[in-house]
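Shown next, in structure tokens, is the structure this report addresses.
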Amino acid sequence: MQTDPSPRPSSGPVTRFAPSPSGHLHVGGARTALFCWAFAKGRGGKFLIRIEDTDQKRSSDAASVGFLKDLDWLGIRWDEGPEYTAPDGTLVGGGPNGSYFQSERLPIYARYTEKLVAEGKAYEAWDSPEELEAMRKEATARKEAFRYRFRGEVTAEERARYLAEGRVPVVRFRTPQVAITIQDEVLGDATLPAGEVDDFVIRKKDGFPTYHFAVVVDDELMGVTHVLRAQEHFTNTAKHMVLQDALGFRRPTYGHLSIIKNPDDSKMSKRDKDKVLRKAVKEKALSAPPAGTVTAEEWTKWLGDENVQLDLDGAIRLAEALKVQLPEINVDDFRRSGYLPEVICNFLALNGWSPGHDIEKFDNGFLKERFGFDRVMKTPAKFDRVKLLAFNTDAITGMAPAEFARRCRLHADQYRPDYVARLGDAKFALLMTACQERSKTLDDPFRTNGFLLVADDALAFSDDKTVRKALGIGAAPADGSRSGLEHLRAMRGVLAGLSEWTQAALESAATAYAAEHAQGKIGAVAQPLRIGVSGGTVSPPIWDTLVLVGRASALARIDRCIAWAGALG
RNA sequence: GGCCCCAUCGUCUAGCCUGGUCCAGGACACCUCCCUUUCACGGAGGUAACGAGGGUUCGAAUCCCUCUGGGGUCACCA
């Protein structure tokens, strides 16, 4: 394990993305990583990843770095960091400055902590949590912010007594009482008055460094030159600066990014999914979980406590049953919903940065060339999923058909295997050509065509206004012309007698029929057929749909539809 | 509450540094019309913002001040 400062590279900046371990990458984190990556890679520098797992309570599963796959999927790869094998076999990560897990660097931090203590720049503090709490209360009562200050030398006898009592000290930094000016390339300079930063803890009771200490040591050792991170760290920068000065470290350039919010101004959170589901359950006044979603036990527990979150699979099943769309929060949520990685990157970059000149559509290569701290937005942005969807739609409709088919297939293999199995290659390909121009996501061909999967005798016909109108139920045409249902009955016979079941044959037969019986209005014939085979009024082009469903199924479904509609009156 | 930061259409933003070319541009959304076998796409047009009040100046979205509003932070979390 190397502990000497890595030399500043003669060429290019070094940036880092330093999240706590997690299985998922949040969109805010994705944007931070994207900007860090773009800045370094656009200037011939290095981008590295470091796992900040110094909280033993929250990092029990230090191996949980599932978010790395999300980063890779977005097209963001790191020059140094945790090792990861990409789906294409490439080994990403590693590097000379490891370990990239802070929990594995304890001896390094200890060395620097001891140095500070030896120099009198840091000291042991023996206060118990209760004592600290009391001090905080007192400060609050005086309407002051609590600031911990050096409380006097601890004598050898006192120290021995504390030890005997079983107390374990933390180490606090003796913060110089001077005004501190934070230089930030995004927000500009900010001066904190003297005394604003207290004697904060740098080593916890469990021997782990605090975030502030580990960050400063690692950024130095790993040669980080530019720190781009979330705005919540802005004020913390002062702590990092005093530490750097005490340790004789170089100072990176800082830039802080504003947060990303929901359209309703709330902070984007993984709880948003449960929020949507709870609302739907309440609106539908459900008293028991829909069959096949979650267990009664989970249901009761979840409804009984706002803090309980459903596991992802259960939440997805419930959302399907309730016909609500779960909000995407993490990168893999967007992936599952069929968003393209290049679109996510483009859109994320636009939330908080802009290249100017009214340019909106660009790729990571462009971002790399153009990104700089100077055009980063200072204000928080609301994450507009509608605009994201529009961007995704543009990318999909502008895609070469073969490319669309290829990527949909990859998506289906992962998230919609039942379609692949049911349709077979030829029909799968047909579904792709039939769906591309009306698809907004890679998932739309599947999400919107569930009727392709259900058994003929299980297809449900939706009894709503548009269906009734198309079939002429309850309102027969006043002019005595055929109703939709009558067209369907007649077409049933036409279809049954067709010599071949192709789009061309179906269309010409229907066109001929319509010319004779529907004043040439093909729509009057197509809609009833659509309802007959799909159960509703929305599907891909009708001739494609009929081919996709297949002759036997189509006829069986139409028979059921006629019976169903006849019973409605 | 203390400290710090921020403020352009509903939303993301261009313009602000280097005042006049901005009665503020683009995109998404929205509205109207057209196209249409459903849905969607597409085409044409439209509504819509410089938070408020004071200055400075011949002239302010652009510079200064106050207010208001928003955000961040005040942990042995990161």
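Computed from heavy atoms alone, side chains included, the values below leave out hydrogens, waters and symmetry copies. Computed from a prediction, not measured in an experiment: that's the story for all the values here. Each chain gets a letter, A, B and so on, in the order the sequences are listed, and its residues count up from 1.
- Using a cutoff of 4.0 Å between basic side-chain nitrogens and carboxylate oxygens, A/Arg229 and A/Glu52 are not scored as salt-bridged.
- Taking the side chain of A/Val538 as heavy atoms from C-beta on, and the options B/rC12, B/rC39, B/rC76, the nearest nucleotide is B/rC39.
- For A/Leu192, the listed nucleotide lying nearest its side chain is B/rC3; candidates were B/rC76, B/rC28, B/rC3.
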Are any protein N/O atoms closer than 3.5 Å to N/O atoms in nucleotides 14-20 of chain B? If there are, list each pair with its distance.
residue: B/rA14; atom: O3'; partner: A/Arg375; partner atom: NH2; Å: 3.2
residue: B/rG15; atom: OP1; partner: A/Arg375; partner atom: NH1; Å: 3.1
residue: B/rG15; atom: OP1; partner: A/Arg375; partner atom: NH2; Å: 3.2

Please list, pair by pair, any protein nitrogen or oxygen found under 3.5 Å from a nitrogen or oxygen in nucleotides 71-75 of chain B.
residue: B/rG72; atom: O2'; partner: A/Gln231; partner atom: O; Å: 3.3
residue: B/rC74; atom: O2'; partner: A/Arg147; partner atom: NH1; Å: 3.2
residue: B/rA75; atom: OP2; partner: A/Arg136; partner atom: NE; Å: 3.3

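- By the side chain to side chain contact (heavy atoms under 4.5 Å, CB included) test, A/Arg151 is found to be paired with A/Asp127, A/Met135, A/Tyr148, residues two or more places apart in sequence or in another chain being considered.
- Scored by the side-chain hydrogen bond (donor to acceptor under 3.5 Å, both in side chains) test, A/His226 finds no partners at all (sequence neighbours excluded).
- The pair A/Glu486-A/Arg489 fails the salt-bridge criterion, with no side-chain N (NZ, NE, NH1 or NH2) lying under 4.0 Å from an Asp/Glu carboxylate O.
- Taking only distance into account, the side chain of A/Lys387 meets the base of B/rA27 through a donor-acceptor pair shorter than 3.5 Å.
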Nucleotides 41-45 of chain B: which of its N/O atoms have a protein N/O under 3.5 Å away?
residue: B/rC41; atom: OP1; partner: A/Lys440; partner atom: NZ; Å: 3.4

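- Under 3.5 Å, the side chains of A/Tyr419 and A/Asn449 contain no donor-acceptor pair of N or O atoms.
- Applying the 4.0 Å criterion to OP1 and OP2 of B/rA78, one finds that A/Lys204 has a side-chain N or O inside that range.
- Shown here are the side-chain hydrogen bond (donor to acceptor under 3.5 Å, both in side chains) partners of A/His26, two or more places apart in sequence or in another chain: there are none.
- When the P atom is compared between B/rG70 and B/rG54, the two are found 23 Å apart, to the nearest whole Å.
- Glycosidic torsion of B/rC28 falls outside 90° of 0, placing the base in anti.
- When the nearest nucleotides of RNA chain B are assigned to A/Val168 and A/Asp189 by heavy-atom distance, the more 5′-ward of the two goes with A/Asp189.
- Across all strands shown, B/rA27 pairs with B/rU11; the Watson-Crick or G-U wobble distances both stay below 3.5 Å.
- Residues satisfying the salt bridge (charged side-chain N to carboxylate O under 4.0 Å, His left out) test with A/Arg147, not counting sequence neighbours, are A/Glu196.
- Within the structure, salt bridge (Lys or Arg N to Asp or Glu O under 4.0 Å) pairs that include any residue of residues 379-398 of chain A comprise A/Asp265-A/Lys382, A/Glu328-A/Arg385, A/Glu360-A/Lys387, A/Lys361-A/Asp394 (at least two apart or interchain).
- Here B/rU38 presents its P atom at 15 Å from NE2 of A/His487, a figure rounded to the nearest Å.
- A/Phe334 is linked by a ring pair (Phe, Tyr, Trp, His ring centres under 6.0 Å) to A/Tyr339, A/Phe383, counting only residues two or more places apart in sequence or in another chain.
- Between A/Ser539 and A/Ala190, the residue whose closest nucleotide on RNA chain B is further toward the 5' end is A/Ala190.
- Ring orientation note: the planes of A/His411 and A/Phe446 are close to parallel, at an angle under 30° on the 30°/60° scale.
- Rounded to whole Å, the P atom of B/rU21 lies 25 Å from the corresponding atom of B/rU13.
- Not one side-chain nitrogen or oxygen of A/Thr210 sits closer than 4.0 Å to the OP1 or OP2 atom of B/rC77.
- Of all the residues in residues 525-536 of chain A, A/Ala526, A/Gln527, A/Arg530 reach under 4.0 Å from RNA chain B with at least one non-hydrogen atom.
- The side chain of A/Leu132 sits closest to B/rC76 out of B/rU38, B/rA7, B/rC76.
- Each of B/rC76, B/rA29, B/rC5 was ranked by its minimum atom distance to the side chain of A/Lys205; first place goes to B/rC76.
- Nearest nucleotide to the A/Asn351 side chain, out of B/rC12, B/rC76, B/rA7: B/rC12.
- Scanning for side chain to side chain contact (heavy atoms under 4.5 Å, CB included) contacts around A/Val154 gives A/Trp126, A/Glu158, A/Arg159, A/Tyr162, with sequence neighbours left out.
- Within 3.5 Å, no donor on the side chain of A/Glu144 pairs with an acceptor on the base of B/rG2, nor the reverse.
- Judged purely by distance below 3.5 Å, without hydrogens or angles, the side chains of A/Asp70 and A/Asn330 never pair a donor atom with an acceptor atom.
- A/Arg416 is linked by a side-chain hydrogen bond (donor to acceptor under 3.5 Å, both in side chains) to A/Asp443, counting only residues two or more places apart in sequence or in another chain.
- A ring-centre distance under 6.0 Å is found for A/Tyr513 and A/His487.
- In a base pair of the Watson-Crick type (N1 to N3 plus N6-O4 or O6-N4) or a G-U wobble (N1-O2 and O6-N3), with each distance short of 3.5 Å, B/rU18 is matched with no nucleotide.
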Residues A/Arg468, A/Asp463; criterion salt bridge (charged side-chain N to carboxylate O under 4.0 Å, His left out); working and verdict: CA-CA 7 Å; A/Arg468 284 180 173 248; A/Asp463 182 10; 2.6 Å; yes
